[in-house]
Amino acid sequence: MIDFKEKLVDLFIEKYDQFERDEIMEIIETPPQEDMGDLALPCFKFAREFRKAPNLIAEEISANLPDNEYFQEIKNMGPYVNFFVNKELIASSVIKNVYAKGEKYGSSTLGEGKNVIVEFSSPNIAKPFSIAHIRTTVIGHALRNIYKFLGFNTIAINHLGDYGTQFGKLIVAFKTWGDKEVVEKDPIPELLKLYVKFHDVAEEKPELEDEAREWFKKLEEGDEEAYQLWEWFREVSLKEFNRIYEMMGIDFDSYAGESFYSDKMDAVIELLEEKGLLEDSEGAKIVDLEEFNMPPALITKSDGSTLYITRDLAAAIYRKETYDFYKNIYVVGSQQILHFQQMFKVLELAGFDWAQDCIHIPFGMVSMEDGTMSTRRGRVVFLEDVLNKAIEKTREIIAEKNPDLPDKEKVAREVGIGAILFQELSHSRIKDYLFSWDTALSFEGETGPYVQYTHARANSVLERANIRTCADIFALDGGEAPADLDAALENNVDFGLLVEDEAYQVIKQIYAFPDTVIKAMKRNEPFLVTRNIIELAQAFNKFYHEYPILVDDPEIRKARLLLVLSAKNVIKIGLNLLGIEAPEKM
RNA sequence: GCCCCUGUAGCUCAGUGGAUAGAGCACUGGUCUCCGGAACCAGGUGCGCAGGUUCAAUUCCUGCCAGGGGCACCA
């Protein structure tokens with residue numbers, strides 16, 4: 001695909017070779033308004049070099065740059081030189097590229113041979129999979145897709161919270177009040193009840209806490225009864241989690257959770273000891289981080305048992321040894337920023353230069369309209385309920401608007417779940433987030449269903465004309481599909497028919513897609529992809545509204561159909577990157 | 001108390017060291033013999049406050065204010 005920004009720099013450097021390509025590349029910007037062109041070269045920085053006012057320089061530059069095929073107009077507006085790309089050329093370039101790359105449009109090989117670990121979701125065993133987990137799950141999944149699409153070899157790890165003192169509590173609660181059959185029937189809500197009850201009762205009877213600690217210790221020491229209960233909790237929980245992952249189309253390459261590292265922590269402690277990093281403090285072992293302006297990292301408790309950070313250190317080392325990662329990404333909430341800073345610093349102090357390849361991707365908190373969630377108090381919105389409500393609402397809409405739709409149930413799931421996922425991926429990660437049923441179940445405007453609808457609508461036009469592939473477009477009116485489609489696209493399409501503003505906006509969004517995916521990877525921000533496809537969908541709907549596609553004129557029809565097909569494909573690619581389905585009909 | 005994040009339109013959020021700061025929702029009105037109305041179009045006195053750097057700051061720096069989070073035996 002033609003890189004118009006580079007072409008701009010080429011043109012400029014040819015006339016003004018005293019400048020470096022990179023410095024010009026960096027200052028190029030996008031004008032704030034459409035009628036000001038597509039690219040702009042601000043001339044403020046040239047003032048010293050030319051000893052002139054920027055607007056005079058801009059005037060001179062625009063007069064000096066030669067006519068060329070890439071830009072249909074170059075003119076100065078005040079201190080800027082504005083470039084208007086050749087719309088016919090960009091349309092041709094974009095459509096040919098989408099055709100050539102197909103489902104891989106926007107993909108790349110830039111990550112070839114590099115392993116990227118994405119740790120995400122990581123729910124706690126025996127606790128509900130609530131909307132608090134939705135962000136890590138959805139953002140992590142999208143990031144994994146994006147890295148994969150760019151050629152990285154990804155390893156999705158679900159670092160299950162299957163270890164720790166809460167299991168002592170759970171064992172005590174289950175042994176005291178639990179009933180195996182009741183739990184089997186509805187595992188997580190029942191285990192949650194037990195957990196909540198434990199905390200209620202423990203307020204009156206603090207000795208329960210000691211009992212819980214004791215059971216956790218037994219678990220660590222391999223006590224048979226404790227282990228079997230733990231294993232059972234884990235099994236029934238995973239079964240439930242997998243039901244939800246299946247709904248969302250998410251899978252993992254590894255479920256190595258905290259317990260997986262339980263036998264790998266002594267080595268970590270030894271290592272830190274060897275490096276002389278450990279200090280005794282009030283009976284606990286710590287790594288002092290004062291000179292880095294951080295509180296100490298607590299490696300073992302005064303009773304000798306390990307902590308969260310110890311397990312994470314063991315996990316990081318294990319992952320480096322096992323996967324030799326290029327990046328090790330943790331999609332975990334912003335509450336744990338300090339924890340990761342400490343942990344990465346300890347790795348660095350231990351002499352692991354790959355500590356800098358470990359990246360925490362934080363995101364803001366989820367709260368509810370009526371206050372915060374609390375597992376201990378049982379104030380929780382189950383993710384599955386949210387997904388089911390969204391599906392139910394979609395069913396109602398389908399019943400009302402499209403009762404004859406085939407595969408209704410499948411589509412209802414794809415659209416309902418898509419709505420929830422899309423909403424999660426439409427803001428910067430870091431912002432705190434207020435869960436609202438109204439917003440979650442809104443299907444108009446900048447929403448998943450809107451984008452999916454646009455895709456289905458584009459598909460509908462194509463289907464009406466019996467078009468499944470690009471070749472079909474050339475075979476309309478009973479003609480034969482050309483043997484050489486590349487040649488047909490090159491010689492047999494008048495891309496000049498796609499220069500109306502509405503068509504051009506669609507082209508521009510498709511053109512931006514590959515760079516957007518790369519930017520999303522670099523910033524670890526899937527929502528950049530979301531924005532791009534929303535804007536593409538909006539541009540498409542405007543075009544669709546303004547121009548009939550299936551017109552009598554075969555040349556116009558051909559050009560417009562190519563645009564529709566391209567837009568449809570790119571919307572689908574974008575949705576899939578976000579982990580969302582793109583139904584053909586809805 | 002110390003550290004981190006956030007503060008843009010009634011609400012939810014984009015955005016950039018520079019040219020008139022944008023979308024969606026909600027609200028009001030309109031499009032509709034035509035390919036899917038989950039659509040399209042029209043309607044707007046907003047960058048928390050105060051300094052500083054700069055030719056140029058909503059964007060960078062400092063202070064303050066507000067909200068959230070974190071700060072040793074939870075994860």
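The sequence lines fix the lettering, A, B, ..., with proteins before strands; numbering per chain opens at 1. Worth knowing before you read on, the calculation uses all heavy atoms, side chains too, and leaves out hydrogens, waters and symmetry mates.
No side-chain donor-acceptor contact under 3.5 Å links A:Asp162 and A:Tyr255. In this structure, a donor-acceptor pair under 3.5 Å is present between the side chains of A:Gln336 and A:Tyr308. Defined by atom type and a distance below 3.5 Å, a donor-acceptor pair is present between the side-chain atoms of A:Tyr504 and A:Asp38. Between the side chains of A:Asn541 and A:Thr454, a donor-acceptor pair is found at a separation under 3.5 Å.
Contacts of A:Leu550 with the nucleic acid, taken as non-hydrogen atoms under 4.0 Å apart, include base atoms. Heavy atoms of A:Gln336 sit under 4.0 angstrom from at least one base atom. Among the atoms of the strands shown, base atoms are found under 4.0 Å from some heavy atom of A:Val415. Heavy atoms of A:Ala465 sit nowhere under 4.0 angstrom from any nucleic acid atom. If you check every strand for non-hydrogen atoms under 4.0 Å, A:Ser281 touches a base. Using a 4.0 Å heavy-atom criterion, one finds that A:Ile430 contacts the sugar-phosphate atoms exclusively. Counting any heavy atom pair closer than 4.0 Å across all strands shown, A:Tyr547 reaches a base atom.
Note: A:Phe216 and A:Phe167 fail the aromatic proximity criterion, with ring centroids not under 6.0 Å apart.
The salt bridge (charged side-chain N to carboxylate O under 4.0 Å, His left out) test with A:Glu463 is passed by exactly one of A:Lys585, A:Arg457, A:Lys568: A:Lys585.
Here A:Tyr80 lies parallel enough and close enough to stack on the base of B:A19, with planes under 30° and ring centres under 5.5 Å apart.
The shortest distance between the side-chain N/O atoms of A:Arg311 and the OP1/OP2 oxygens of B:A75 is below 4.0 Å. A sub-4.0 Å separation between OP1 or OP2 of B:A72 and a side-chain N or O of A:Tyr308 is absent. A sub-4.0 Å separation between OP1 or OP2 of B:G36 and a side-chain N or O of A:Arg464 is present. Within the structure, a side-chain polar atom (N or O) of A:Lys431 is placed less than 4.0 Å from OP1 or OP2 of B:A14. Note on A:Lys393: every side-chain N or O is 4.0 Å or more away from OP1 and OP2 of B:A38. One finds a side-chain N or O of A:Lys542 lying less than 4.0 angstrom from the OP1 or OP2 phosphate oxygen of B:C41.
Set against B:C4, B:C74, B:A14, the side chain of A:Ile337 has B:C4 as its closest nucleotide. The side chain of A:Leu528 sits closest to B:G15 out of B:A19, B:G24, B:G15. If you check B:C73, B:A38, B:A19 against the side chain of A:Glu444, the one that comes closest is B:A38.
Annotation: B:U12 and B:U6 have their C1' atoms spaced 15 Å apart (nearest Å). Here the separation of B:U45 from B:G10, taken at their P atoms, is 10 Å to the nearest Å. For the P atom pair drawn from B:U20 and B:C2, the interatomic distance equals 42 Å after rounding to whole Å. Nucleotides B:C25 and B:U59, compared at atom P, are 30 Å apart to the nearest Å. One P atom belongs to B:G7, the other to B:G15, and the distance between them is 10 Å to the nearest Å.
Ion pairing of A:Lys217 with A:Glu220 is absent here, as no side-chain N (NZ or NE/NH1/NH2) approaches a carboxylate O to less than 4.0 Å.
Of the residues in residues 39-54 of chain A, those placing a heavy atom less than 4.0 Å from an atom of RNA chain B are A:Ala40, A:Phe44, A:Lys45, in numerical order.
Residues A:His545 and A:Phe540 fail the side-chain proximity criterion, which asks for heavy atoms closer than 4.5 Å.
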